[in-house]
Protein chains: 2
Amino acid sequence: MNGAVQTRRGRLQEQTRDEIKAVARRQMAREGASALSLRAIAGEMGLTAPALYRYYPSRDELITALIVDAFHALGDVLEGARGTVVAEAHANQFVAMMHAYRAWALAHPAEFTLIYGTPIPGYHAPEVVTDPAVRRSLAPLLALLAAAWQAGKITPDPAYAAPPPPLGERFGAMLPGAAGGRVPTAALHVGFVAWAHLQGIIMLELFGHIAPVVGDPELFYAFEVRVQLLRLGLAPPG
Amino acid sequence: MNGAVQTRRGRLQEQTRDEIKAVARRQMAREGASALSLRAIAGEMGLTAPALYRYYPSRDELITALIVDAFHALGDVLEGARGTVVAEAHANQFVAMMHAYRAWALAHPAEFTLIYGTPIPGYHAPEVVTDPAVRRSLAPLLALLAAAWQAGKITPDPAYAAPPPPLGERFGAMLPGAAGGRVPTAALHVGFVAWAHLQGIIMLELFGHIAPVVGDPELFYAFEVRVQLLRLGLAPPG
DNA sequence: AGTTACAGTTTACAGTGTTTATATAAATGA
DNA sequence: TCATTTATATAAACACTGTAAACTGTAACT
């Protein structure tokens, strides 16, 4: 019943939990997301495989933890990128964020495909756990969108002026609380599509489908980011 | 040295090779692309696992064969979809093809993610084998693009009028032979981007990232297909 | 000091892809 | 028709995988 000691133990537990994840990440970076082996992780920590079951009830739950972590890391990177640009320059913020998005994906391909690709043998992520993480990873982008709208800097592409009625209904739920009501669905619609567009391109690049066609993927991507500014009606950076 | 007998044997060989692939596909559809097991495949055929090595030198090569097949199947479906629409209605052809694209992906999720997702433990597809297959799968789309251009039906989005010079250089290589020279790089550029756009959206949908945000993925996709018509400057179907 | 809770190991099981050596059946040549 | 060659499949074994159960220490708490 001693609270202090319990939390100390708890801290030790969480510390090794973190170490396990760190080793797993290092191993994924080297051998690929699928070569993840409990015995290898344990071995690198001077343990045996079953010991890990004290910290994660199964390999799948470890993977889920890695996924949640990755979403959070991606969210942090986006938020950081936004911070490097002055608050008023929404277009520049968007460009910075989306380039940080791609940079993170290229720097952590295993973790990125763990998030947005088919991850691992028969594994399927439990949405209950991952959904909040997904929201967190996209929160900075949505915040930027809302801020830019509030500043009157967004004029959605006319193509999105009149979508089929039922389409816009759920977009508002992306933003937390009452904020959803403030941004019109057209803006949320183009915003979501812009994200999906760039996300899809990064994915294709990671699987090698962009480079052979385009030559310089970075240049191609940069151009597409600019195009998304047009779609959003965000004035390109001068 | 008896040619006739040899080819008869060869036919038997290829017949069981095909059966192996068929069983593998059925198993993938049931248990997912990653649960693919040689022993399970062999068992379903009344064989044992090592027997399969007479037909494929390794599991990876079997997977590669499945990938190549999938690309071809996808290409066939696209070509078939185009055939259901009169030759002059290029916009309608595009719509039909891209909806067939998505329909195939949803009907064969395992095979589709095998192609465009991280497929399987540590497996990486040999580009030498898969590259021609990729080309084949996109050939119908490119043919449509070329035909529509020749008919003067394409007016690429002005945003793509002045891309960074080195970008367009390789687009021509997508089309076979001299055909590449006929279609301007701007048209090829928007065409490729339109494909990447829809392909990326389908991918996201398969991984469950579209439905929770959008409600009705089919409606969302249909709208995006229409938007791509605008980007291509193809008159929408009347 | 005695008890309880935790951390870790050992052992074992059911799987996996793959290799080697061996048996069997089929097709060929004399 | 018989003997020889060739293709086909198998059984056994290897090195792996994740996971479950039983057991052994060690640290903390009463």
Side-chain angles (χ1 to χ4, degrees), chain A residues 1-21 23-24 27-28 30-66 114 119-125, chain B residues 1-21 23-24 27-28 30-66 114 119-125:
Chain A
M1 295 286 173
N2 191 324
V5 174
Q6 270 209 343
T7 56
R8 192 167 75 83
R9 276 213 180 131
R11 257 200 296 275
L12 277 179
Q13 255 263 346
E14 202 175 319
Q15 195 173 314
T16 44
R17 278 176 62 98
D18 285 353
E19 188 186 345
I20 291 173
K21 286 190 292 187
V23 172
Q27 212 158 104
M28 275 184 2
R30 266 205 321 270
E31 319 265 5
S34 40
L36 226 162
S37 151
L38 292 188
R39 278 180 173 83
I41 296 172
E44 203 168 316
M45 296 176 62
L47 293 179
T48 82
L52 302 184
Y53 281 75
R54 294 275 153 186
Y55 304 94
Y56 294 97
S58 72
R59 196 195 61 150
D60 279 19
E61 298 237 18
L62 169 58
I63 294 173
T64 302
L66 290 173
L114 200 63
I120 265 167
Y123 171 87
H124 191 63
Chain B
M1 296 291 173
N2 192 325
V5 173
Q6 268 208 346
T7 57
R8 191 168 77 83
R9 278 216 178 131
R11 258 200 295 276
L12 278 179
Q13 254 264 347
E14 201 172 321
Q15 194 173 314
T16 44
R17 278 175 60 99
D18 284 354
E19 190 186 345
I20 291 173
K21 286 191 292 187
V23 173
Q27 214 159 99
M28 274 184 3
R30 264 205 323 269
E31 320 263 6
S34 40
L36 226 162
S37 151
L38 293 187
R39 278 180 173 84
I41 296 172
E44 203 168 316
M45 297 176 63
L47 291 180
T48 92
L52 303 184
Y53 282 75
R54 294 276 149 183
Y55 304 94
Y56 294 97
S58 72
R59 196 195 61 150
D60 279 18
E61 298 238 16
L62 168 58
I63 293 174
T64 302
L66 290 172
L114 201 63
I120 266 167
Y123 171 87
H124 191 66

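Side chains included, hydrogens not; waters and symmetry mates left out as well; all remaining heavy atoms used. Proteins get letters first, then strands, A, B, ... in listed order; numbering begins at 1 in each. Bear in mind that the values here come from a model prediction, so they are computed numbers and not experimental data.
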Whole angstrom value for the distance that separates [atom2] of [N] from [atom1] of [X]:
| X | N | atom1 | atom2 | value |
| --- | --- | --- | --- | --- |
| B:L12 | C:dA25 | CG | C1' | 14 Å |
| B:M45 | D:dA9 | CE | P | 8 Å |
| A:I41 | D:dT19 | CD1 | C1' | 14 Å |
| B:E19 | D:dA9 | CD | P | 10 Å |

_side-chain N/O B:Q13 vs D:dT8 OP1/OP2, d < 4.0 Å_ = yes

_So if I take residues 47-56 of chain B and measure heavy-atom distances to DNA chain D, which residues fall below 4.0 Å?_
B:L47, B:T48, B:P50, B:A51, B:R54, B:Y55

In Å and rounded to the nearest 0.5 Å, what is the [atom1] to [atom2] distance from [X] to [Y]?
| X | Y | atom1 | atom2 | result |
| --- | --- | --- | --- | --- |
| A:D18 | A:Q13 | CG | CD | 11.0 Å |
| A:E19 | A:I41 | CD | CD1 | 11.0 Å |
| B:L62 | B:K21 | CG | NZ | 8.5 Å |

Name each donor-acceptor pair under 3.5 Å that joins a side chain in residues 44-55 of chain B to protein atoms two or more places apart or in another chain, with its distance.
from: B:E44; atom 1: OE1; to: B:Q27; atom 2: NE2; distance (Å): 3.2
from: B:E44; atom 1: OE2; to: B:R26; atom 2: NE; distance (Å): 3.4
from: B:E44; atom 1: OE2; to: B:R26; atom 2: NH2; distance (Å): 2.8

_If we ignore hydrogens and angles and just use 3.5 Å, is the side chain of A:Y56 paired with the main-chain N or O of A:R17 as donor and acceptor?_
yes

Between the protein and nucleotides 14-16 of chain C, are there any N/O to N/O pairs under 3.5 Å, and if so, what are the atom names and distances?
from: C:dT16; atom 1: OP1; to: B:S37; atom 2: OG; distance (Å): 2.9

*asked:* Output the pairing pattern of DNA chain D as a dot-bracket string, 5' first, Watson-Crick or G-U wobble with both distances under 3.5 Å, | for cross-strand pairs, [ ] for crossing pairs.
replied: ||||||||||||||||||||||||||||||

